[in-house]
Every structure is written in structure tokens, then in C-alpha cells.
Amino acid sequence: MSNNVNLTKHLKNYFGFDNFKGDQEAIIRNVLAGNNTFVLMPTGGGKSLCYQLPSLIMEGTAIVISPLIALMKNQVDVINSMSEEEGVAHYLNSSLNKAAIDQVKNDVITGKTKLLYVAPESMNKDENVEFLRSVKISFYAIDEAHCISEWGHDFRPEYRNIRPTIQKIGNAPVIALTATATDKVRTDIKKNLGILDAQEFKSSFNRPNLYYEVRPKTNDINKQIIRFIRQNPGKSGIVYCLSRKKVEELAADLCANDIKAAAYHAGLESAKRSETQDDFLMERIDVIVATIAFGMGIDKPDVRFVIHYDIPKSLEGYYQETGRAGRDGGEGKCITFYSYKDLQKLEKFMEGKPVAEQDIGRQLLQETAAYAESSVCRRKMLLHYFGEEYPKDNCGNCDNCLHPKTKMEGKDLLDIVLHAVAAVKENFRTEYIIDFVKGVSSEDIVSHKHHLLEEFGSGSDEDEKLWNPVIRQALIAGFLKKDVENYGLLKLTSAGKRFMKNPVSFMIVKDAEFKDDYDEDAADGAAGALDPELYAILKDLRKKMSKKLHVPPYVIFQDPSLEQMATMYPVTLQELQNIQGVGAGKAKRYGQEFCDLIKRHCEENEIERPEELRVRTVAKKSILKVKIIQSIDRKIDLEEIAKAQGLDFDELLTEIEAIVYSGTKLNIDYFIEEIIDEDHIDDIYDYFQNSETDDLDTAMEELGDDYTEEDVRLMRIKFISDMAN
């Protein structure tokens, strides 16, 4: 097609814009000229226009291969809403019924449809291949092309079959588009699609308005997140977690603290997911807590913060997810919580996968860890990862640049590293080089006979924590590079070779220290120090109440609850319910005197209560508890409940004990009467009525061999429920 087309006129006519952004016009002219094209354009840069506009101008139908049904539907609606007649754009995927598919095919054959979106799975189906062979195809557009590469953050094996399917259907130019790709991924995409001759258009990955920060993940992470969101009231944000369970727990915590939030993950029904997405877009909710299932095709320009609860599996994923903030050019805060334990957990998930896949996964994780631990400008590191150089030394908009670390001279360290890389013939990765300079005789090094080289151990006197930052900063400075074909092998650049001949000053910054004090189980109730004086007074009060009410002390509050009260100083019934083992019923029945006593104690001793307490948390197991309570209310056999909830009977009893001890009444008489002899019921009940302790071993000893442990536990549940609640 002639390249003299007045594109600006078409742009105004179809899309209502007066000007193209960035490389859009050059890309479209390349497609119109019938050339293969590779487009690397960050999220929000206007990728889709690069294939939508030429498809509307050219003869025939453009085939757009896209990974997500929701994304296709969204784009088809947009194109059709701009056109005077229906059917200019269609999608073909598994969500359509037979009549809808016939309608699509008819519109394509009659030449009405200029853009046909297909999922790779649908495109590979024989009947669709057969149909598309009869169609005049203007070009193929592969959207989210990083899905082709195993090195991309969103690999989909069915994307690997696109080229063979194109061969079957019929050749036409190809345009591949992606928002994130390293040199390695780009090469992989072009090879796989057979478009090594493609002209490349690469936009800058720098998003100057985004602020990047990495914080150590500690046990009060939920409180930190709640505090951050409260300091940004009414702003839209996304919090990414790796597991669905964590998504639901955190969303519940945010809601408990009057933050308009909702959970989003692939395990929810699609109607619920759509509703949540709409609520977010329409600003009925401010915060979405999600797994990475959320975000593709979410075009909300004013997302003001993206928080990563867990470190992402790759820097590409991280870039894509943080890229959802500040698309309108306004403020965008990207906060990531990092703990070395999370990294180990992600490595563990890889076990059992093919070795090659594990290797790729591990290297991608190492890049993410390097980003998190480094004290270098985060923007510089991110852009370097995507093959782009950032010229400034201080970007002024990341934690490392706003709080720079002191630099130290690293000339000799760099010299040692470069000579080591040369000595092992530029054939090994970072970990190997570090072991080599430290003088570690690992199995690998000995098998290559590298322990016999004179450079072996040349850095053994240096602080071993410095080798990682030296290598990383040498890569950014261009003295070393990573091999693209055999990813991760360290190679010397010409600048590196010049440095070896004539070393010059090379200033480096040490990595940040991340103490690993994050413990998932402790994270729910970060503890302070117990106040022994208060604990003793609380025990006295419990004793007095127990005499007055004629119930054993443990019925009122158990010891762990008193310990927590003496640590957290709750002074209202609402705060008291944050204490382990205290539900609303128990707080109401016994709580006021305890709160009054704690308040008095704080005033008399001038104790500053932890502000933390005002952050309300929802117990992890609350969802399970609700299910158990509902089932018992419906008088379902306890064995059945255990089975339905995937618990063994012992675990179920532990859950029920926690429920009744925290003050909820449960009537399990229907089950007890079925399985325990009437006389035994009375005997065990009397025992608990007169006992000073609810300890199980003591009860078993006192009651003798006629009673099973299960019977005693069931009766203890009945007794606590009757007496305390």
C-alpha cells in the first residue's frame, strides 16, 4: 500500500485524536508497507492503535491474537462503538455459542469485519484454520507477545504454536507487540514467530512519575499497609499478593478498618470478578487486593499506588504491575515488601517442574532479589534490565535516591571480578564467579579445574557481601554484560577490557541489609512486651469474678487472652475483641471491668498504649469459623463437617474449642446425645463444674479410663458454651 496515506486524517476520523504519540505513525506506516514489525511499548503508550488503525485502512481482515477473553471483549466494544455499523470488530473464542460463531464468520466473509480477535487456542482449532484459509488476511497482530517466551513473565505454551498455524492458514505480515521484554525475550519472540527481519520500534521504559520503594517485610506489614492507605484517603490503589488466601485475609482486614476494598482472584466466580472490576472503575471501592490475575486490560488512568505484599517472580511482572499506577502522568507510588523467606518460598514452588524451567525461574528470581536488595537508583536498575540506559545518577523519585547510601571505592574489587571472568573464559554466571573469587572449592569449580588458576581466591580477604553489588553495578556501568543466547553468563565488554588494562576509580554502594524477621504466623498479632504487674492484677480480677459468678476462672478468659491484654492494653470493648480468644459475646459479658482496670492502670503508670491497637485485624480463620458455626446451627453431623472442610476430627474439635472459648454459643447436644452415654454426660459435666482447670490431661487423670479423650473434649465444649456464653 502507498505510504502517502494521510494518516492524521484517518486518526481523527476513526479515533478522534489530532496527533500520534511517540512512534505510532512510523509503526503504522511500516505495517501498511507490508513489513514485519516488532513493537516494544510500555503500558499506556498506545500499543493497540498500532494495529487497529492500519486494519481499518487496509484491504482484508487483520487477525489479532490476544490472551484474554475480557481484553478482547473490551477492545471489540471500543472499536464497534466508534463505527457506524456493527461487526467491524469481532472476537472468536470459547465464550461464544454456535449462532454467535456463525454470525462472526458471516461478517468476516462478507468483508464487513476488519479486525478479528482470536485466542491462540481458538486459532489452532482445525475448523478455524480451515475457515481462515478462505479469508483475505491483511496482517497478523500478536498482542502481549511476551507470552511466547519462557523468559517472559506470563509464558503460555499455546503461543509457541502461532507460527506453524500461520503457515497453515496463509502468510501475511506479522506485527508483534509487548509492554515488557528484555533483550533475551525479544530475540526469543522474533525467532519463534520467524520474523528476525522485523523492524524494531522501542519506546522508553522510563515512567518518571512513578516512585519506587522497597521496604523490609516485617510482622506488622498489614498495619503498615493500612496506615499507608489511610494516609492516602480516597485514592485508588492495587495491592498484589501471591496467594488467594492472603488476598482474602488482607481484603477482610482493610474492610474491618473502614477502607473500601475488595478481593480479586481467579478462584472467584466470573460474575463476582466483573462486579469487583466495575466497582473499582466506577470508584465504588478504592482498593483492590488481588493476585496477578487482575490488571490485564484494566485501563484506569488514576491508580495512585501499587503495593506488592509479596515480591514478584520476575522484574517483568513487577514492571507490568507497577505500570498500572499513574497512567495519567500523575502521582504513582510503588511500594514493595521484601523478605528473603518469600524468595525461598517461591524457589520451593518450582520444585517438581522441569529442570530447564526451574533454571529460568531461579534466574528471574535472582534479578528480582538483586533489584530489591540493591542500594543503586531503582529506576537505573529497572531500565538497565530492559536494555535501556538511564543517564542520571540520581532520579530523585525512588527510596535509594532520596536516601542515598555512602559510596565507597570499588576499583580493586572490580579489577578482581573482571580478571576472574576472563580467567574462566567468560563462560559462567554470577554465583560461580563469586565462589571463584572467594576461593570456595565447590564441586563445580573443582570439576572445571578452576581451583588451580592463579586468580582463584583473589578476593578471599574482602567482605564477601560486596561481590554481588560489585558485579551488579559493573553490569549497569557497562563493564560486564549478560549473554543473551545463554542467559546469565557474564561477558566482558570492550569497556571492561579497557578497565583491566588501565583501572580507574569505580565508586560503589553496598547492598541494603534485610534482616529476616518476617514470620507469617506472628504477623497477625505482632506482640510487644508483657506487663507483668498488669497481668497479675488481671488474674486477680478474673479470680474475683469467678467466685462471684460461680464459674471456673478459665471460663471467663483463658491465660493467653490475659497475656495479650497485658501486652496490648485494650481499653474499649471494640479493642478487646482484637485480643485472641475474645469474641463479641465474651467482651460484652465480662469485658467492661477488665477494660476499666486496664485504663486505670495505664493512667496511674503513665503508660503510652500502642497506637497499633487501633488497626483492627480479622482473624485468619474467620471464614472457616463461619462455615463451622452455620453447619452446627443446621445440626450437621460433626464427622460430616470435618470432611467437608478438609479437616480431621481432631482439627475440627480444636476449631470448635476456639469458637466457644472466644464467646460464641454453639449447641452440639444433637451430636453428643448420639455418641455419649447419658450417665457419662452428667459425670463429665459435673467434673468441669467443680474443677479449677480446663486442662485435658488433668481431666483424663481425674475421670479415669471409662472416658475417651474425644468424649471429654466434646463435653468441655458443651460446658464452656453453656457457662461462658
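Below, all heavy atoms of this structure are taken into account, side chains as well, without hydrogens, waters or symmetry copies. One-based numbering along the sequence shown.
- Side-chain contact between Y264 and V247 is absent, with no heavy-atom pair separated by less than 4.5 Å.
- A donor-acceptor pair under 3.5 Å is absent between the side-chain atoms of E357 and the main chain of K353, judged by distance alone.
- A donor and an acceptor atom, one from each side chain of Y338 and D310, are nowhere located under 3.5 Å apart.
- For the pair K300 and F280, the cation sits on the ring face: its NZ or CZ lies under 6.0 Å from the ring centre, inside 45° of the axis.
- Scanning for side-chain contact (heavy atoms from CB on, under 4.5 Å) contacts around Q577 gives A584, A587, with sequence neighbours left out.
- Side chains of Y318 and Y371: a donor on one and an acceptor on the other come within 3.5 Å.
- Salt bridge K718/D722: present, at least one basic N to carboxylate O contact under 4.0 Å.
- The shortest heavy-atom contact between A251 and A262 is CB-C, 4.1 Å.
- Taken to the nearest 0.5 Å, the CD atom of E321 stands 8.0 Å off from the OG atom of S314.
- No side-chain donor-acceptor contact under 3.5 Å links S721 to the backbone of I717.
- The two residues A369 and L343 have their closest heavy-atom pair at CB-CD2, 3.5 Å.
- Using a cut-off of 4.0 Å between Lys/Arg side-chain N and Asp/Glu carboxylate O, R215 and E213 are scored as salt-bridged.
- A distance of 8.5 Å separates CG of L534 from OG1 of T567, quoted to the nearest 0.5 Å.
- No hydrogens or angles considered: nothing links the side chains of E373 and Y340 as a donor-acceptor pair under 3.5 Å.
- Side chain to side chain, H550 and Q689 fail the donor-acceptor criterion of an N or O pair below 3.5 Å.
- Distance alone, capped at 3.5 Å, is enough to place a donor-acceptor pair between the D677 side chain and the D679 backbone.
- Under a 4.0 Å N-O distance rule, the pair E513/K465 qualifies as a salt bridge.
- Sorted by first then second residue, the side chain to side chain donor-acceptor pair (under 3.5 Å) pairs that include residues 704-715, not counting sequence neighbours, are D650-R713, T654-R713, E657-R713, D683-Y707, T708-D711.
- Here H601 pairs with D531, N605 under the side chain to side chain donor-acceptor pair (under 3.5 Å) rule; sequence neighbours left out.
- Distance check: Y661 OH to I656 CD1 gives 13.0 Å after rounding to the nearest 0.5 Å.
- Across C602 and Y569, no two heavy atoms sit closer than the pair SG-CD2, 3.6 Å.
- What you find for A372 and I311 is that their closest heavy atoms are CB-CD1, 4.0 Å.
- Counting all heavy atoms, side chain and backbone alike, V287 lies closest to I229 at CG2-CG2, 4.1 Å.
- Residues satisfying the side-chain contact (heavy atoms from CB on, under 4.5 Å) criterion with N690, sequence neighbours excluded, are absent altogether.
- Considering CG of D279 and NZ of K260, their distance stands at 11.0 Å, rounded to 0.5 Å.
- Under 4.0 Å is where a charged nitrogen must lie from a carboxylate oxygen, and between K217 and D342 at least one such pair does.
- Here the straight-line distance linking atom CG of L576 with atom OH of Y590 works out to 13.0 Å at 0.5 Å rounding.
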In residues 628-646, what donor-acceptor pairs under 3.5 Å come from side-chain atoms, sequence neighbours left out?
{"unit_1": "S631", "atom_1": "OG", "unit_2": "K627", "atom_2": "O", "d": "2.8"}
{"unit_1": "D637", "atom_1": "OD1", "unit_2": "E639", "atom_2": "N", "d": "2.7"}

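- A distance of 8.0 Å separates NZ in K539 from CD in E563, rounded to the nearest 0.5 Å.
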*Begin from the C-alpha positions of K348 and Q344 and carry the test side-chain contact (heavy atoms from CB on, under 4.5 Å) through to its verdict.*
CA-CA 6 Å; K348 231 179 155 36; Q344 292 170 314; over 6 Å; no
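- Qualifying salt bridge (Lys or Arg N to Asp or Glu O under 4.0 Å) partners for D559, counting only residues two or more places apart in sequence or in other chains: R542.
- Within the 4.5 Å cutoff, side-chain heavy atoms of T276 are placed close to those of I285.
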*Given L562 and Y535, is the side-chain contact (heavy atoms from CB on, under 4.5 Å) satisfied, shown in steps?*
CA-CA 7 Å; L562 293 187; Y535 182 57; 3.7 Å; yes
*Does the side-chain contact (heavy atoms from CB on, under 4.5 Å) test come out yes or no for S662 and V582, once each step is laid out?*
CA-CA 4 Å; S662 69; V582 183; 5.8 Å; no
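- Taking the six-membered ring for Trp and the full ring otherwise, the centers of Y685 and F719 sit less than 6.0 Å from each other.
- Between F557 and F594, the distance separating the two ring centers is shorter than 6.0 angstrom.
- There is a side-chain donor-acceptor pair under 3.5 Å between Q358 and R362.
- Minimum heavy-atom separation, V306 to A325: CG2-CB, 3.8 Å.
- Contact check for S546 versus V555: no side-chain heavy atoms found under the 4.5 Å cut-off.
- Salt bridge annotation for K245-E249: present, with a cationic side-chain nitrogen under 4.0 angstrom from a carboxylate oxygen.
- The closest side-chain heavy-atom distance from F305 to V303 is not below 4.5 Å.
- Side-chain contact annotation: R716 with Y687, donor-acceptor N/O pair under 3.5 Å absent.
- Looking at D220 and T218, their side chains do bring a donor and an acceptor atom within 3.5 Å of each other.
- For the pair L250 and Y309, the minimum side-chain heavy-atom distance is below 4.5 Å.
- Using a 4.5 Å heavy-atom threshold, the side chains of I681 and I672 count as touching.
- Here the side chains of N468 and D511 are in contact, with some heavy-atom distance below 4.5 Å.
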*Could you give me the CA-CA distance, side-chain angles and deciding distance for H308 and I335, then say whether side-chain contact (heavy atoms from CB on, under 4.5 Å) is met?*
CA-CA 6 Å; H308 279 90; I335 314 280; over 6 Å; no
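- N232 places no side-chain N or O within donor-acceptor distance of the main-chain N or O of K235, the cut-off being under 3.5 Å.
- With a 6.0 Å radius and a threshold of 12 heavy atoms from other residues, nucleotides or ligands, K599 has its NZ atom at or below the threshold.
- Using modelled atom types, one side-chain atom of T368 and one backbone atom of L364 make a donor-acceptor pair closer than 3.5 Å.
- Counting only heavy atoms from C-beta outward, the side chains of P552 and D694 never approach each other to under 4.5 Å.
- At distances below 3.5 Å, not a single donor-acceptor pair connects side-chain atoms of K586 with backbone N or O atoms of T664.
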